[in-house]
There are 2 protein chains.
Amino acid sequence: MSASDKTLADRTYRQLRGDIVNGRLAAGSKLKLEGLAQDYEVGMSPLREALARLMGDLLVVSEGQRGFWVAPLSLDELDDVSRVRALIETEALNAAIRNGDAAWERDVAAAFEALAAVEEHLPHTSEALPPEQLETWEARNRAFHAALVSAAGSPMLIKLRDLLYQQSERYRRVSLNVSRGWRNVHDEHRAIYDATMQRNALRACRMTELHLSRTAEEVRKAMAALAQDDDQVSGGKA
Amino acid sequence: MSASDKTLADRTYRQLRGDIVNGRLAAGSKLKLEGLAQDYEVGMSPLREALARLMGDLLVVSEGQRGFWVAPLSLDELDDVSRVRALIETEALNAAIRNGDAAWERDVAAAFEALAAVEEHLPHTSEALPPEQLETWEARNRAFHAALVSAAGSPMLIKLRDLLYQQSERYRRVSLNVSRGWRNVHDEHRAIYDATMQRNALRACRMTELHLSRTAEEVRKAMAALAQDDDQVSGGKA
DNA sequence: TGTCAATATTATTTCGATATTTTTTCGACG
DNA sequence: CGTCGAAAAAATATCGAAATAATATTGACA
């Protein structure tokens, strides 16, 4: 239980958000209120409050009198999210490199080291990654990217960045379940890190764009493969 | 009643949003649930659902077990919102000028003409503007700026733009209540319009930045004046 | 007089049940 | 056989009251 779970609605919001982002609740699936209320052990009121908040995070969609769905994922939206995220993320990184002080540098360095510790013995082959290690990597990847932009000096930019990061994470998790095996993502992180520490804003942003577009490309392939499979399956049944 | 008010929660959400944006519910004020439920003639459930959604729009803030407040306005946030809005709005306009077709041009032209019809006989002096005419201007200003970016081809960019436009509108409404009298905002709109129609993306974006920064400056002055007054008042009482 | 704790009050949060709407089922009819 | 419509079933949306937490008040004590 998080410290900020003062109310049941708060707790349910966080639980639902996690379950949507990591894919435990499948994209596009119907969210049956009674079922959720039982699963999360809450009543209608906090549940609906949580769902209303998730609409603002673009993780849930609703249609009046017809209920709630997990927001669907699509190739088009992947491209859209990736492009807008690159815009926001580079703007924030640029500002952070301009404004960041020594404390920021320490935070970034610490976050990078923590991430590096996990990434250095990631399987390059297509071994499956144990879930626990995956969660550690997710947490440290998130923390590293958050640390980079934390000195941007713009709460609004950070707010939008967080929203887009979360959207991207949903997509990335899809590809992790399909194409196991990691490209050398650590080199990309190090390139961003080095350029940032050298206060080379232009290069840091370029490396970030490259990192994001490569990730997006990987997800795109995974989703295309999935869509193929789905066609097979539903084609076979029809 | 809007067509999309399928539920009481929807209707309450829209009403509350309007009342916050136009300032009928003062920035920073406590939102007493029982009072609101009476005012809007709804029960707790749809009311809380509406408030939860407004948190996502950054129009309402909450603290667990302590309730809800209208999100405060501040000079710092004004600067932050204005800067990020300029970034998003110019990116979207740039894309729209690249992608927009003939239908888009017609929409933009129509929106501009409608706006021009109101702006051409705005009082340049410091006469107070009748509320009805103000609402007409607000609606057409919103429609014009929305039409400009409507061909950006990026739902996410539009989504973020809408969020930021709404934030800006809150601030702008403050200044309209303080410094009546209009600068020649129509010339700025026309400059954006002309550059857009000539597909001069660079100039259109520059004119947009200028328009936004001038508006922000006006709001800044108005808020500084207000803060001064507030100090006087609370200082006098203490 | 000032501070602290116990109590009273007020406000938020949550539940359980009801009303309303949508979806499904089933049978009649073309 | 398909489709249209009415009845049944299922699900969502809403209310009103109870439970819970925060705030204000009061009075005892230093």
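Labels below follow one simple rule: chain letters A, B, ... track the order of the sequence lines, proteins then strands, and each chain is numbered from 1.
Atom P of nucleotide C:dT21 and atom CG of B:D5 are separated by 14 Å, given to the nearest angstrom. Separating the CZ atom of A:R11 from the P atom of C:dT13 is a distance of 15 Å, rounded to the nearest angstrom. Between A:L33 atom CG and C:dT18 atom C1' the separation is 16 Å, expressed in whole Å. Following rounding to the nearest Å, A:K32 (NZ) and C:dT21 (C1') show an atom-to-atom distance of 16 Å. Taking atom CE of residue B:M44 and atom P of nucleotide D:dT14, one finds them 14 Å apart after rounding to whole Å. Spacing between atom CG of A:L36 and atom P of D:dA11 amounts to 12 Å, rounded to whole angstrom units. Rounded to whole Å, atom P of D:dA11 lies 11 Å from atom CD of A:Q38. When the C1' atom of C:dT24 is taken as reference, atom NZ of A:K30 falls 13 Å away, rounded to whole Å.
As judged by a 4.0 angstrom heavy-atom cut-off over every strand, A:L47 is placed among residues making no nucleic acid contact. Within the nucleic acid shown, B:S45 comes within 4.0 Å of at least one base atom, counting heavy atoms only. Nucleic acid contact for A:L31: sugar-phosphate only, since backbone atoms but no base atoms lie under 4.0 Å from a heavy atom of the residue.
Checking A:E41 against B:E34, the closest nucleotide of DNA chain C that is more toward the 5' end is the one next to B:E34. Mapping A:Q65 and B:Q65 onto DNA chain C by nearest heavy atom places B:Q65 closer to the 5' end of the strand.
For B:K6, counting side-chain heavy atoms from C-beta on, the closest listed nucleotide (C:dT22, C:dC15, D:dC15) is C:dT22. Across C:dC15, C:dT21, C:dT13, the shortest atom-to-atom separation from the side chain of B:F68 is found for C:dT13.
Side chain of B:D107 to main chain of B:A147: no donor-acceptor pair is present (N/O by atom type, distance under 3.5 Å, no hydrogens or angles).
Around CD of A:E34, the count of heavy atoms belonging to other residues, nucleotides or ligands within 6.0 Å does not exceed 12.
Put simply, the residue from A:R220, A:E77, A:E218 that forms a side-chain hydrogen bond (donor to acceptor under 3.5 Å, both in side chains) with A:Y171 is A:E77.
Aromatic pair B:F112/B:H189: centroids not less than 6.0 angstrom apart.
Taking a cutoff of 4.0 Å between a charged side-chain nitrogen and a carboxylate oxygen, B:R173 and B:E169 qualify as a salt bridge.
Between A:R48 and D:dA13, a side-chain N or O to OP1/OP2 separation shorter than 4.0 Å is present.
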